[in-house]
Q: 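The structure's right below; bear with me while I get my questions together.
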Amino acid sequence: MIVMNSYKITTLNDFITLRQKDFPYAKGELSSLLSHIGTAAKIVNKKINKAGLVDIIGKAGMVNIQGENQQKLDVFADKVFTDALRSSGECCGIATEENQNEIVFSDKLAKKGKYIVSMDPLDGSSNIDYNVSVGSIFSIYRRITPRGKSVKNEDFLQPGSQQVAAVYVIYGSSTMLVYTTGNGVNGFTLDPSIGEFCLSHPSIKTPEEGKIYSINEGNYIYFPAGIKKYIKYCQEKDDNSARPYTSRYIGSLVSDFHRNLLMGGVFLYPSNDKMPQGKLRLVYECNPIAFIAEQAGGAASDGMSRILDISPGSLHQRSPFYAGSKNMVHRIEEFLR
Ligand code: AHG
Ligand code: MN
Ligand code: MN
């Protein structure tokens, strides 16, 4: 910890080292992995802050496996985080939104890595060209195949409850890194003057009730009946409760989730006639956000069951997603029953 003109600075690396004792089985490997993600996030942040000035906005002219146009920043962020994870020596392979299959790290050091990472290197990428905040999301597991061998697809298909860590970065009015290793949720804000993520939101707890609902109401006609009823419920006047709620939707999962995490509220991306499994990907969007939600005292569901209990069948499998204040998520499940 550094004290600079009476303002205590706990950097991300200080904090990770301090909390090393939280996981006796790890001899600093997870700490090193988290630190590498933090360093790479600073590099991506620099590029995002100049988007519009450097040739980094707009389409990359390629389509990813989801059939979505890749933005240049998607491709840039994917490369920066992939290189950082490969060089960490703690990670034996990754799954990323930008690649059809998992990426095996074949060099000897990486092969001995204990962890695998699934990531959405740039979340909310349709917003980049219009200066709306975007994010990066990471889900970290211990591998289940033997160390020293090449990582396998099954390493990436573990249920979310097996995560050892989840991280998101939000490139917003300030740049923040929020993570959990299963011992609560802590938030760090990048201080550009010293280039460090500094502890700014220790032990984040999300209110059990909130007054914000976040959903793309443009899809209203395609929603299941229970969700249509829930939206009307949010908009009704009820004297002894906070309703009508406020509607807030940015179109970047990380930003919408982060605001609701701090203020209370619920994020909804339902299944709908156009996307029967919803839009968000279970492995590298729903699971890490669900882990953080639960660790902050919130909840995350696919409308019937706990997100973290779902066993993924494939890397890019989609899931309906409801996450945030516990009572609000459970009420949505009731509307859907
Ligand atoms: P990505 O940019 O990684 O594809 O993710 C975009 C996701 C998520 O960030 C956001 O909540 C959702 O897409 C918004 O979808 P709609 O535009 O359909 O509302
Ligand atoms: Mn995304
Ligand atoms: Mn993405």
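Read the numbers this way: they start at 1 and go in the same order the structure lists the ligands and their atoms.
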Q: Just give me the atom name: the N, O or S atom of E97 closest to the Mn ion (ligand 3).
A: OE1

Q: Output yes when K114 and E90 qualify as a salt bridge under the 4.0 Å nitrogen-oxygen rule, no when they do not.
A: no

Q: Looking at K111 and D107, is there a salt bridge between them, counting it only when a charged N and a carboxylate O are closer than 4.0 Å?
A: no

Q: Roughly how far apart are I221 CD1 and D273 CG, rounded to 0.5 Å?
A: 8.0 Å

Q: With atom 16 (P) of ligand 1 as the reference point, say which of Y269, F257, Y284, F321 has the nearest heavy atom.
A: Y269

Q: Using heavy-atom distances only, which candidate in K279, E217, E98, R281 approaches atom 15 (O) of ligand 1 most closely?
A: K279

Q: Would you say ligand 1 has an N or O under 3.5 Å from any N or O of D120?
A: yes

Q: So, D191 and S193: side-chain donor and acceptor under 3.5 Å apart, yes or no?
A: yes

Q: What does the angle at the Mn ion (ligand 3) come to, between atom OD1 of D120 and atom O of L122, rounded to 10°?
A: 90°

Q: For atom 9 (O) of ligand 1, grab the closest protein heavy atom and report residue, atom and distance to one decimal in Å.
A: D123 OD1, 2.7 Å

Q: Which ligand 1 atoms does E285 reach within 4.0 Å, using its non-hydrogen atoms?
A: 3 (O), 5 (O)

Q: What residue and atom, counting heavy atoms only, is the protein's closest point to atom 7 (C) of ligand 1, and at what distance?
A: L280 CD2, 3.9 Å

Q: Please name the atom of D123, limited to N, O or S, that comes nearest to the Mn ion (ligand 2).
A: OD1

Q: Run the contact test for L122 against ligand 1 with a 4.0 Å cut-off on heavy atoms, strictly below, and give the result.
A: yes

Q: Could you list which atoms of ligand 1 come closer than 4.0 Å to a heavy atom of N216?
A: 16 (P), 18 (O), 19 (O)

Q: Please indicate whether any nitrogen or oxygen in S125 is less than 3.5 Å from any nitrogen or oxygen in ligand 1.
A: yes

Q: Find all atoms of ligand 1 within a distance of less than 4.0 Å from any non-hydrogen atom belonging to L253, and give their numbers and elements.
A: 8 (C), 9 (O), 10 (C), 11 (O)

Q: Among all protein heavy atoms, pick out the one at the shortest distance from atom 19 (O) of ligand 1; state its residue, atom name and that distance to 0.1 Å.
A: Y249 OH, 2.6 Å

Q: Against heavy atoms of G251, which atoms of ligand 1 measure under 4.0 Å?
A: 9 (O), 10 (C), 14 (C)

Q: With atoms numbered from 1 as shown, which atoms in ligand 1 lie under 4.0 angstrom from a non-hydrogen atom of G124?
A: 1 (P), 2 (O), 3 (O), 5 (O), 6 (C), 9 (O)

Q: Is the Y233 to F335 ring centre distance short of 6.0 Å?
A: yes

Q: Less than 6.0 angstrom separating the ring centers of F138 and F81, yes or no?
A: yes

Q: Could you check which N/O/S atom of E285 is closest to the Mn ion (ligand 2)?
A: OE2

Q: Run the salt bridge (Lys or Arg N to Asp or Glu O under 4.0 Å) test against R143 and tell me which residues pass, sequence neighbours left out.
A: none

Q: So does R331 pair up with E209, basic N to acidic O under 4.0 Å?
A: yes

Q: So, taking the atom named CD in E217 and the one named CZ in F223, what distance separates them when rounded to the nearest 0.5 Å?
A: 7.5 Å

Q: Tell me whether D74 is salt-bridged to K72, with the criterion being a basic N under 4.0 Å from an acidic carboxylate O.
A: no

Q: Are the charged groups of R86 and D83 less than 4.0 angstrom apart, N to O?
A: yes

